[in-house]
Structure formats: C-alpha cells, structure tokens
Asks: 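What follows is a structure written as structure tokens; I'll ask about it next.
Here is how names work: the chains are called A, B, and so on, in the same order as the sequence lines, proteins then strands, and each is numbered from 1.
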Number of protein chains: 2
Amino acid sequence: MKRFTKHTIKNSLKRIFMYRSCLMRLKMIGVEKVYSYTLADETGVTADQVRKDFSEYGITGNKKGGYEVNDLIEKLEKIFHRNKDHNIVLIGMGNIGTSLSRYNNFIHRNMNIVATFDIDPFKQKTRSEIPVYAMSRLKEIIDRFRVKVAIIAVPEISAQEVADELIQAGIKGIINFAPVLLKTPGDVIVNNINLCDELESVIYYVHSQMKSTGAKNLELLYRGMKY
Amino acid sequence: MKRFTKHTIKNSLKRIFMYRSCLMRLKMIGVEKVYSYTLADETGVTADQVRKDFSEYGITGNKKGGYEVNDLIEKLEKIFHRNKDHNIVLIGMGNIGTSLSRYNNFIHRNMNIVATFDIDPFKQKTRSEIPVYAMSRLKEIIDRFRVKVAIIAVPEISAQEVADELIQAGIKGIINFAPVLLKTPGDVIVNNINLCDELESVIYYVHSQMKSTGAKNLELLYRGMKY
DNA sequence: ATTTAAATGTGAAAAGATTCACAAAACACA
DNA sequence: TGTGTTTTGTGAATCTTTTCACATTTAAAT
C-alpha cells in the first residue's frame with residue numbers, strides 16, 4: 001500500500017506571487033516606491049495582510065518610507081530562488097501538454113522545459129526545439145539535467161503510473177493537469193490543477209448569485225467569497 | 001475609478017468536487033455504497049471533514065448505512081446545476097486558448113464552448129466545429145446562447161479590456177488564464193488561473209524541502225503544507 | 001532641532017476552518 | 001423485540017488565518 005499525502009499551497013505564498021507580479025508591472029511603468037496600501041489596492045487584499053505576509057517571509061521595508069520597488073523585487077527573487085534557471089520536464093504531448101510546452105511565460109520566468117515525453121512514437125522527435133523522448137529515457141534525462149520538477153499532462157488513466165515513474169526517477173515536485181488526485185510519498189509535493197473543477201466553480205457561484213435575487217440569500221453567496 | 005472585488009473559491013467547494021470525481025470513478029468500477037471514510041481515504045482528507053462538508057451543503061446519508069453512490073452523485077449534480085448544459089465562450093485563440101477549446105473534459109461535464117473569439121482575422125472561421133468570431137460579434141453571440149461564463153485566454157496586455165467588454169455583454173463569471181489580476185464589479189466572479197505561479201509554488205516548496213536536510217528546519221517546510 | 005504626519009511591524013482579538021467527541025439513528029442478528 | 005455494532009451529524013474545542021489597533025520609526029516641514 002502506498003503512502004498518501006496531500007500538500008496544499010499556502011494562501012500567503014500565492015499572495016506573495018501576486019505582489020511580485022504587481023511589483024514587476026509597477027516597475028515597468030516607472031514606479032520606484034510602494035506602500036503596503038499600494039500593493040493592497042492593486043491586488044484586492046488589505047494593507048494589514050500585505051504587511052503580515054511580508055512579516056511571515058521576513059521581508060521588511062522602512063517606516064514612513066514604505067518599500068523600494070527594486071529592493072523588494074530583489075528580496076522576493078531571493079526567497080523564490082529565482083536567481084538561477086530551473087529545469088522542468090513535461091510528460092504527455094497531447095492537447096494540453098503541447099500548449100504548455102509552448103507557453104512562453106514559463107521561459108520568461110526562468111522555468112525551462114528541457115525535455116518532454118510521450119508514449120506515441122510518432123510524436124517522438126529528439127531533434128526539435130524541445131525534444132520529445134520515449135518514456136524509457138525518463139531517468140536518463142532527469143539525471144542529466146538535474147530536474148526536480150515535472151509537469152504531468154497525460155490522460156487520467158495513466159497519470160498515477162507516470163507519477164510513480166517520475167518519483168522513481170528522483171522528481172520531488174509535480175504539477176498535475178490530469179483530473180485525478182495523485183498519491184505520492186510525503187516528500188513529493190503535488191499541485192493538482194483541475195481545469196474542469198475550476199470552470200465548474202465559476203458556474204456554481206454564478207448560479208448561486210443569480211438565484212439569490214437582490215439581498216435575499218446573499219449571506220449564502222458571501223459564505224463562499226472574500227473581498 | 002473601477003470597483004474592485006476579489007472572489008476566492010471555498011476549500012470546501014473544491015473538496016466537494018473531489019468527492020464527486022471520486023464517486024464517479026467508484027461508480028464506474030461498480031461500487032454502490034460509500035462511507036465518509038471511503039471518500040476520505042480516496043481524497044486524502046479526514047472522514048470528519050467529509051461529513052462536515054456534506055453538512056455544509058445540506059447533503060445527508062443514512063446512519064450506519066453510509067451513502068448510496070448514485071443518490072449522492074444525484075444530490076451533487078443538483079447542487080452544481082449539472083442537470084443542464086452550460087454554454088461558455090472563450091476569448092483568445094492563441095496557444096492556451098486553442099488547447100482549451102479542444103479540451104474534451106469540458107464537454108464530458110456538460111460545459112460547452114459554443115463560440116470563441118479572436119482579433120486576428122486569419123483565425124476567424126465561423127464555419128469550423130467551434131466557430132472563431134471577431135470581437136465585434138461578442139454581445140450578439142453571448143445574447144443568442146444566453147452565455148453567463150467566459151474563459152479569457154488572451155495576452156496579459158489586453159485581458160482587462162476583454163474582461164470589461166465581457167461584463168458589458170452580460171457575462172457574470174470569468175475564468176482567467178492571463179497572468180494578471182482582473183478588476184471587476186462585485187457581482188462578477190473571477191477565477192484567476194496563473195500557470196506560472198502554480199509552477200513556481202511547486203519549485204518553491206521543492207527547494208525549501210531540499211534546503212531543510214533531514215529534520216532540520218522542517219518546521220518551516222510544514223508551515224506551508226497540510227497533510 | 002523640534003514637531004508633525006505617515007507608514008511599518010506585530011502582539012492581541014476576531015473570524016474562519018478543521019478536528020474531536022459523542023449522542024442519535026439504523027442495521028444485523030439473536 | 002432487544003442488544004450490540006456501526007456510522008452519521010453536529011455542537012464544542014482546537015488550530016489557523018485574518019483583521020484590528022497601536023507603539024515605534026522615520027521622512028518631511030517648520
């Protein structure tokens with residue numbers, strides 16, 4: 001029997017990412033200094049929360065003076081190990097997998113898909129820009145590029161099997177697009193992205209909202225929301 | 001100035017989706033009855049939580065008898081308005097947008113992308129299986145198909161503009177793949193999916209874990225996890 | 001140099017989510 | 001019919017996250 005562990009990503013970390021992305025934009029348009037409420041306004045949280053989050057990750061500004069944009073970005077980069085490149089492998093060159101392999105934003109953020117894998121021999125092309133290998137070469141490539149993080153984009157039916165192979169090959173973090181919950185040992189982090197569920201959540205809230213005409217039943221709606 | 005609201009999707013709702021997906025699988029393999037601990041084991045949560053979640057959404061089983069799989073699925077379908085089809089529009093037929101338009105799992109769950117839109121005239125093809133329209137026809141199509149939910153898969157730079165147009169046209173829920181936080185009125189639900197952030201989260205945790213060799217500094221790691 | 005005003009950083013309080021624990025229900029079997 | 005066992009459903013307790021509130025710091029103005 002397999003050990004089962006579920007990891008969830010902290011909201012505070014997700015917010016930190018928002019702050020950074022926001023800072024990048026502000027830097028671009030020439031802003032040099034921000035205050036907790038600047039970031040709060042931009043990201044839809046409270047200024048208290050921004051400061052609490054910074055405090056959690058050991059980020060400090062200067063009183064009255066706020067935060068210096070460049071300095072803040074630098075601190076965040078350090079926390080996120082974004083000084084160096086990160087090699088990623090992607091398994092499954094189907095519909096979603098192929099589009100992820102071409103997703104330029106990963107590259108812009110120093111996350112490089114160095115190799116992809118597929119069981120279909122017709123898809124295997126080791127000479128293309130991002131090579132598509134057979135699954136048999138998984139461990140070899142992962143070792144060569146010192147890969148620690150993988151993207152799973154295979155059909156539901158084979159996702160667990162692929163995850164097991166990846167873990168065997170030394171992968172410690174997985175982002176999984178197959179609509180199934182992966183079972184992994186405790187030291188392997190999994191981030192499940194279920195596109196259907198995400199879309200259904202939206203539909204659910206839209207319907208809840210439409211049902212609650214005006215103020216009636218609004219409480220039920222807001223039980224599921226933050227603002 | 002625009003009103004700004006951030007909506008977040010409740011954890012309990014996400015878990016409910018997990019339970020359902022799990023129930024579907026169990027039904028497929030012929031299971032007729034489940035207990036709170038069955039679902040708990042399968043989804044990596046506690047049995048208490050399963051029951052609490054059910055209680056929150058008004059779902060009941062029978063004491064000692066557990067839950068009848070078919071009955072449970074039916075109740076969930078009702079909660080999720082899954083008895084009828086849902087028409088969706090998708091904006092942006094680039095890399096990600098195109099793959100989402102071909103994502104069959106949406107259809108399997110009665111979420112139909114009835115139309116897509118792109119500013120590029122070369123992509124516009126109203127005769128293909130899923131038509132690609134010019135943005136000028138947005139309101140017309142949304143009205144005709146009574147669409148309430150949209151997928152945004154346009155570049156970062158134009159995402160807010162597209163969101164504004166969608167809201168003008170009567171859209172009440174948006175799932176946004178552009179790496180930018182959309183600002184929307186309070187009655188419009190937005191679910192932001194930032195693929196880079198999701199991947200970065202994984203990298204962050206993998207690195208934290210690697211730094212904390214053995215038990216040392218483990219506390220820091222587990223601050224970010226649930227098990 | 002002193003005062004004033006503005007923003008941070010962080011304990012304490014409040015709100016929210018999860019786990020505990022047990023009474024109530026219902027099935028099984030004598 | 002009654003007894004024992006199993007599982008639900010839910011208040012109470014605990015743990016986590018967010019918000020509040022204010023002392024402290026520092027930039028700017030006088």
Asks: Quick one, B:Ile107 and B:Asn104 - any side-chain contact, counting heavy atoms below 4.5 Å?
Replies: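 A side-chain contact exists here, since the closest heavy-atom pair is under 4.5 Å.
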
Asks: Which letter, B, S or -, goes with each nucleotide of nucleotides 20-30 of chain D from 5' to 3', with contact meaning a protein heavy atom under 4.0 Å?
Replies: BB--BBBB---

Asks: Provide, to the nearest angstrom, the distance between the NZ atom belonging to A:Lys75 and the C1' atom belonging to C:dT8.
Replies: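 Distance check: A:Lys75 NZ to C:dT8 C1' gives 12 Å.
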
Asks: Nearest 0.5 Å, please: how far is NE2 in A:His86 from CG in A:Asn110?
Replies: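 That separation rounds to 7.5 Å.
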
Asks: Could you tell me how far apart B:Glu56 (CD) and C:dG16 (P) are, to the nearest whole angstrom?
Replies: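 For the pair B:Glu56 CD and C:dG16 P, the rounded distance is 12 Å.
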
Asks: In whole angstrom, what separates A:Leu72's CG from C:dT8's C1'?
Replies: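 Answer to the nearest Å: 13 Å.
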
Asks: Taking only the side-chain heavy atoms of B:Gln49 (C-beta and beyond), determine which of D:dT7, C:dT19, D:dT17 contains the nearest atom.
Replies: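 Closest nucleotide among those given: C:dT19.
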
Asks: Check this for me: does any side-chain nitrogen of one of B:Asp187 and B:Lys172 sit under 4.0 Å from a carboxylate oxygen of the other?
Replies: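 B:Lys172 and B:Asp187: salt-bridged.
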
Asks: Please report, rounded to the nearest Å, how far the C1' atom of D:dT17 is from the CZ atom of A:Phe54.
Replies: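 Distance check: A:Phe54 CZ to D:dT17 C1' gives 18 Å.
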
Asks: Contact class for B:Thr60 vs. all strands (heavy atom < 4.0 Å): base, sugar-phosphate, or nothing?
Replies: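 Sugar-phosphate only.
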
Asks: Could you tell me how far apart A:Tyr35 (OH) and C:dA6 (P) are, to the nearest whole angstrom?
Replies: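 It is 11 Å, rounded to the nearest whole Å.
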
Asks: Taking 4.0 angstrom as the limit, do A:Asp71 and A:Lys33 come out as a salt bridge?
Replies: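 Result for this pair is no, no salt bridge flagged.
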
Asks: Do B:Thr98 and B:Asn95 come close enough that some side-chain heavy atom pair is under 4.5 Å?
Replies: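 Not in contact.
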
Asks: Classify the ring geometry between A:Phe54 and A:Tyr67 as parallel (under 30°), tilted (30 to 60°) or perpendicular (over 60°).
Replies: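 Taking A:Tyr67 first and then A:Phe54, their aromatic rings stand perpendicular (interplane angle over 60°).
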
Asks: Using the salt bridge (Lys or Arg N to Asp or Glu O under 4.0 Å) rule, collect all pairs that involve residues 19-29 of chain A, keeping only residues at least two apart or in two chains.
Replies: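 Qualifying pairs: A:Arg20-A:Glu77, A:Arg20-B:Glu200, A:Arg25-A:Glu42.
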
Asks: Taking the minimum atom-to-atom distance to the side chain of B:Tyr67, which one of C:dT8, D:dG9, D:dT7 wins?
Replies: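 Shortest atom-to-atom distance from the side chain points to D:dG9.
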
Asks: Between C:dG16 atom P and B:Asn11 atom CG, what is the distance in whole Å?
Replies: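 So the two atoms are 14 Å apart, to the nearest Å.
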
Asks: Figure out the CG/C1' separation between A:Asp41 and C:dA7, and round it to whole Å.
Replies: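 Going from A:Asp41 (CG) to C:dA7 (C1'), I get 14 Å.
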
Asks: Under 4.0 Å, counting only non-hydrogen atoms across every strand here, what does B:Ser36 touch: a base, just sugar-phosphate, or nothing?
Replies: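 Result for B:Ser36 = sugar-phosphate.
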
Asks: Measure CG/A:Asp53 against C1'/D:dT16 and give the value in whole Å, please.
Replies: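 So the two atoms are 14 Å apart, to the nearest Å.
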
Asks: Which part of the nucleic acid does A:Tyr37 contact within heavy-atom distance under 4.0 Å: base, sugar-phosphate only, or nothing?
Replies: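 Sugar-phosphate contact only - A:Tyr37 comes under 4.0 Å of backbone atoms but never of a base.
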
